[in-house]
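Report on the following structure.
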Amino acid sequence: FNISTKYCLVYDNEGYGISFSTTLGSYADHCTSVNNMWAGLQFKINIGHEADIFINNSILFGENGYEGIASVNADDFVYATYSNIEGGIGESWFAVGCLDEDPLFRNKELNDYRLLHGSPCIDTGDPGSPWDPNGTPPDMGAIPYEIAEFYIVPSVYRLPAAGGVL
C-alpha cells in the first residue's frame, strides 16, 4: 500500500479528516475520523490509475452536511468492510459488516470519542482482525471500548486549513 493508517483518531480539522491522493493503494484500519469541517475521509485517485482504497474497522462521519466519505474518481475503487460510515447505505463500496448508525460517543462536544455502552460499534469489527486487548471481538474505531478508561488520547497535530503533511 502507498498509505496505511491504523488506530488513528482525527477530529476538529478545518477540512477533510483524512485525505488520500494517490496512484497506489491505501488502507485505513481502526480509524475514527469525526467532527471535521467536511467529510471524515476523502479520496482522490488520479485519472488513469487504479488504486484500491480499503477501509476496515473504522468510524467515518462528516459535518456540515457532508457524509463519511467524499471521493473524486474513486467510487469504483473503494472497499469498506466492518465500518460505521455516515451516508454509506446504498453505495457500491458499502460491504459486509458496514453500518450507518450513531456511534454513541461519550461526549463529542468535549472531544471524548470513546464508545458508550450500547454503541453499535462495540464487538462488531472484522472478526478476522486481532481481538481487543480484553479478549472480546474487535470494535470499530480507534479506541477499543473496554480499555477506553485507560486509553491516553494521542497528541493533537493541527495542520493549516490549506492542508499539510504530518
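The residues of the chain are indexed from 1 along the displayed sequence.
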For this session: Applying side-chain hydrogen bond (donor to acceptor under 3.5 Å, both in side chains), name anything that partners N57, two or more places apart in sequence or on another chain.
Result: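 With neighbours one apart ignored, the set is D29, S129.
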
Exercise. Does N56 have any side-chain hydrogen bond (donor to acceptor under 3.5 Å, both in side chains) partners at least two apart in sequence or in another chain, and if so, which?
Worked result: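 side-chain hydrogen bond (donor to acceptor under 3.5 Å, both in side chains) check on N56 returns T81, D126.
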
Supply the atom-to-atom distance [X] [atom1] to [Y] [atom2], rounded to the nearest 0.5 angstrom.
{"X": "N84", "Y": "D100", "atom1": "CG", "atom2": "CG", "answer": "6.5 Å"}
{"X": "I55", "Y": "W93", "atom1": "CD1", "atom2": "CH2", "answer": "6.5 Å"}
{"X": "C31", "Y": "K6", "atom1": "SG", "atom2": "NZ", "answer": "9.5 Å"}
{"X": "I85", "Y": "C98", "atom1": "CD1", "atom2": "SG", "answer": "5.0 Å"}

Problem set entry | Side-chain donor/acceptor of D139 to backbone N/O of D123, under 3.5 Å |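 Judged by distance alone, yes, a pair lies under 3.5 Å.
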
Exercise. Closest heavy-atom contact between P103 and F61?
Worked result: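 Answer, listing the atom of P103 first, then F61: CD-CZ, 3.8 Å.
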
Exercise. A142 and C8: which non-hydrogen atoms are nearest, and at how many Å?
Worked result: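 In terms of heavy atoms, the two residues are closest at CB-O, 3.2 Å.
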
For this session: Please state whether the rings of Y145 and H117 are parallel, tilted or perpendicular, taking 30° and 60° as the class boundaries.
Result: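 Judged by the thresholds at 30° and 60°, the geometry between Y145 and H117 is tilted.
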
Please list, chain by chain and in numerical order, all residues satisfying side chain to side chain contact (heavy atoms under 4.5 Å, CB included) with [X], sequence neighbours excluded.
{"X": "D112", "answer": "R106, N107, R114"}
{"X": "T124", "answer": "M140"}
{"X": "L104", "answer": "D102, L116, S119, P120"}

For this session: Going by the side chain to side chain contact (heavy atoms under 4.5 Å, CB included) test, name the single residue among L115, I143, L99 that passes it with I59.
Result: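 That would be L115; it is the only one of L115, I143, L99 passing the side chain to side chain contact (heavy atoms under 4.5 Å, CB included) with I59.
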
Exercise. For Y113, what residues pass the ring-ring contact (aromatic ring centres under 6.0 Å, His included) criterion, not counting sequence neighbours?
Worked result: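 Once residues adjacent in sequence are excluded, the partners of Y113 under the ring-ring contact (aromatic ring centres under 6.0 Å, His included) criterion are Y11, F105.
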
For this session: Among Ile, Leu, Val, Met, Phe, Trp and Tyr joined by side-chain contacts under 4.5 Å, find the other residues sharing a cluster with W131 and list them by chain and number.
Result: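 Joined to W131, directly or through intermediates: none.
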
Problem set entry | Test salt bridge (charged side-chain N to carboxylate O under 4.0 Å, His left out) applied to D132 - qualifying residues, sequence neighbours left out |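 D132 satisfies salt bridge (charged side-chain N to carboxylate O under 4.0 Å, His left out) with no other residue.
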
